[in-house]
Asks: 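One structure, as structure tokens, below. Some questions next.
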Amino acid sequence: MSLLFEPATLTAPAGHGLTLRNRAMLAPMCQYSVTARDGLPHDWHLVHLGARAAGGFGLVFTEATAVVPEGRISDQDTGIWNDLQRQAWGPVVGFIHSQGAAAGIQLAHAGGKASTYPWLPAHAASGSRGTMPYDEGGWQTLGPSETDIFGLASPREMTVAEIEASVQAWAAAAARADAAGFDVVQIHAAHGYLIHQFLSPLTNHRTDAYGGSYANRTRYVREVVAAVRAVWPAHKPLAVRLSGDDWVEGGWRVSDTVLLARELRELGVTLFDLSSAGIGPFHGPTGPGFQVPLAAAVKSALAGTDSFVTAVGLITAPAQAEHVLVSGQADGVSIGRAALVQPNWAAVAAAELGVAGDLVPRAPQYWRAAW
Ligand SMILES: Cc1cc2nc3c(=O)[nH]c(=O)nc-3n(C[C@H](O)[C@H](O)[C@H](O)COP(=O)(O)O)c2cc1C
């Protein structure tokens, strides 16, 4: 019996929770495909996410989906800041459900890392990297403080009124995500984007209630989580993705992450995905499963709290994923690049791990592929 393919129930404040057919999640991955620049998901998103739902994942996450237009990483990101976008996500969610997978949306605000060129071959070939200038459609970015640490145009420091308005934008986006039928909202608090910019002393130099001490730097994420939890239905699980470590002395460290995870659990987060870094050049470890110890640290800090902790980062082989779970380091795995190469990663993993019968997550249309 494979632990990876044992169904799992994510808890929620109302207690009903969400049962997943297995513990393999599709990691959120930007597609830079909204060529109309209106934040609307379209055929590509349906086919890309739909294929991975048909390919057996238990929970399929959308790419980083912006809660406000200025929060997009690039102008070709998806959004959920208006009702047209909410409507456009509906069929994507419907298809994911039709394949037996749960649908998660990653809500995001890129802060000072917004307004960059899409990460696509055409832009790379022409040398278009980093900040997109105004005359090509770029915009003034916002963050907790001005900084040049990203090698991008500096964000403008947010006023307290702007911080308060952005908290409400996260909540409004979550309410739309509920109306679109999503089962899980994941708040993107990792990778050097806005929330992480508040958390890290490397990018937060504020002297008001949102900067300085640990309690002040974590105020923004706590406000966002509380505002989202207040509108996100109590029977639906709430997730966060954290950068567990900046891997830099004087930055956000794993000791901060375990404290924060406990606080966010108190505020109603039950699903934690542990990534790392995103502020400045990468100084962390590399190699297979390089972020698994961060998931293990959080899982151990949350022991006995009915939380579900997932590991991500160079988890590519089914036996490796199974080992992460069996060794007790995480409750689930998020698969990124390996699932771009192989949309059926989960169905293939089930075959490799000897899973049989109804637990094989294969689309009915592909059932005759068994031999
Ligand atoms: C094309 C691409 C787009 C990504 N976009 C996002 C994103 O929108 N949100 C996010 O949190 N991480 C994003 N990531 C990071 C992945 O979710 C994942 O954490 C990372 O790729 C490491 O996992 P892997 O080794 O399984 O790919 C992206 C990664 C790739 C390759």
Side-chain angles (χ1 to χ4, degrees), residues 4 23-34 39 41 44-45 48-49 51-52 55 57 59-67 71-80 89 104-111 113-114 116-124 129 173 184-197 199 221 239-245 247 271-279 282 284-295 309-318 320-321 324 330 332-343 345-346 348-349:
L4 184 59
R23 295 147 189 259
M25 331 250 162
L26 179 72
M29 282 181 284
C30 287
Q31 298 297 298
Y32 307 111
S33 295
V34 185
W44 174 258
H45 304 90
H48 163 69
L49 297 170
R52 280 134 189 99
F57 284 94
L59 174 55
V60 169
F61 274 109
T62 70
E63 67 187 77
T65 295
V67 300
R72 289 171 297 170
I73 300 165
S74 85
D75 63 357
Q76 295 193 181
D77 293 3
T78 55
I80 190 153
W89 280 114
I105 183 168
Q106 187 185 51
L107 298 184
H109 189 314
K113 286 177 79 173
T116 58
Y117 283 105
W119 199 336
L120 292 171
H123 292 91
R129 291 200 179 83
V184 178
V185 149
Q186 183 189 65
I187 294 171
H188 194 350
H191 299 171
Y193 296 119
L194 183 64
I195 293 179
H196 187 186
Q197 287 159 31
L199 295 176
V221 70
V240 290
R241 184 171 235 207
L242 295 166
S243 273
D245 206 309
W247 307 119
L271 176 56
F272 295 82
D273 192 37
L274 266 297
S275 187
S276 75
I279 291 188
F282 185 77
T286 52
F290 65 103
Q291 293 168 153
V292 172
L294 300 171
V309 179
T310 55
V312 67
L314 284 181
I315 298 170
T316 55
Q320 178 198 8
V324 169
V333 290
S334 298
I335 307 295
R337 289 163 290 183
L340 295 183
V341 176
Q342 172 52 286
W345 188 93
V348 170

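Remember, it's 1-based here, ligands and their atoms both numbered in the order they're listed. Keep in mind that the numbers below use all heavy atoms, side chains included, and drop hydrogens, waters and symmetry copies.
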Asks: What residue and atom, counting heavy atoms only, is the protein's closest point to atom 14 (N) of ligand 1, and at what distance?
Replies: Pro28 O, 3.5 Å
Asks: Quick one: which of Ile195, Val240, Leu242 gives a side-chain contact (heavy atoms from CB on, under 4.5 Å) with Val221?
Replies: Ile195
Asks: Using distance alone, decide if ligand 1 has a nitrogen or oxygen within less than 3.5 Å of any nitrogen or oxygen in Leu340.
Replies: no
Asks: So Trp247 and Ser276, do their side chains get closer than 4.5 Å, heavy atoms only?
Replies: yes
Asks: Using a 4.0 Å cut-off to any heavy atom of His191, which atoms of ligand 1 qualify?
Replies: 10 (C), 11 (O), 12 (N)
Asks: What pairs with Arg72 under salt bridge (charged side-chain N to carboxylate O under 4.0 Å, His left out), at least two apart in sequence or on another chain?
Replies: none
Asks: So is there a nitrogen or oxygen of Arg337 less than 3.5 Å from a nitrogen or oxygen in ligand 1?
Replies: yes
Asks: Flag Ala338 as yes when one of its N or O atoms lies below 3.5 Å from any N or O atom of ligand 1, and as no otherwise.
Replies: no
Asks: Please write down residue, atom name and distance for the protein heavy atom closest to atom 1 (C) of ligand 1.
Replies: Cys30 O, 3.9 Å
Asks: Closest approach of Ala321 and Leu4, non-hydrogen atoms and distance?
Replies: CB-CD2, 4.0 Å
Asks: Find all atoms of ligand 1 within a distance of less than 4.0 Å from any non-hydrogen atom belonging to Gly313, and give their numbers and elements.
Replies: 22 (C), 23 (O), 25 (O)
Asks: Test your reading of the structure: does Ala27 have an N or O sitting under 3.5 Å from an N or O of ligand 1?
Replies: no
Asks: Among Arg241, Gln186, Met29, which one has a heavy atom closest to atom 2 (C) of ligand 1?
Replies: Met29
Asks: Test your reading of the structure: does Ile315 have an N or O sitting under 3.5 Å from an N or O of ligand 1?
Replies: no
Asks: Check salt bridge (charged side-chain N to carboxylate O under 4.0 Å, His left out) between Asp245 and all other residues, then give those that pass, not counting sequence neighbours.
Replies: Arg253
Asks: Could you tell me whether Gln106 and ligand 1 have an N or O pair separated by under 3.5 Å?
Replies: yes
Asks: Would you name the heavy atoms of Ile105 and Thr65 that are closest together and state the gap between them?
Replies: CD1-CG2, 3.9 Å
Asks: Can you tell me which residue among Arg241, His188, His196, His191 is in a side-chain hydrogen bond (donor to acceptor under 3.5 Å, both in side chains) with Ser275?
Replies: His191
Asks: Polar-atom distance check: His188 versus ligand 1, any N or O pair below 3.5 Å?
Replies: yes
Asks: Please report the shortest heavy-atom distance between Phe61 and Gln186, naming the atom on each side.
Replies: CE2-CB, 3.5 Å
Asks: On a heavy-atom basis, which atom in Val309 and which in Ala295 lie closest, and how many Å separate them?
Replies: CG1-O, 3.5 Å
Asks: Atom 20 (C) of ligand 1: protein heavy atom closer than 4.0 Å?
Replies: no
Asks: For the residue pair Trp89 and His45, categorise the inter-ring angle as parallel (less than 30°), tilted (30 to 60°) or perpendicular (more than 60°).
Replies: perpendicular
Asks: Is any N or O atom of Val312, backbone or side chain, closer than 3.5 Å to an N or O atom of ligand 1?
Replies: no
Asks: Considering only non-hydrogen protein atoms, determine which one is nearest to atom 26 (O) of ligand 1 and report residue, atom name and distance to 0.1 Å.
Replies: Gly336 N, 2.9 Å
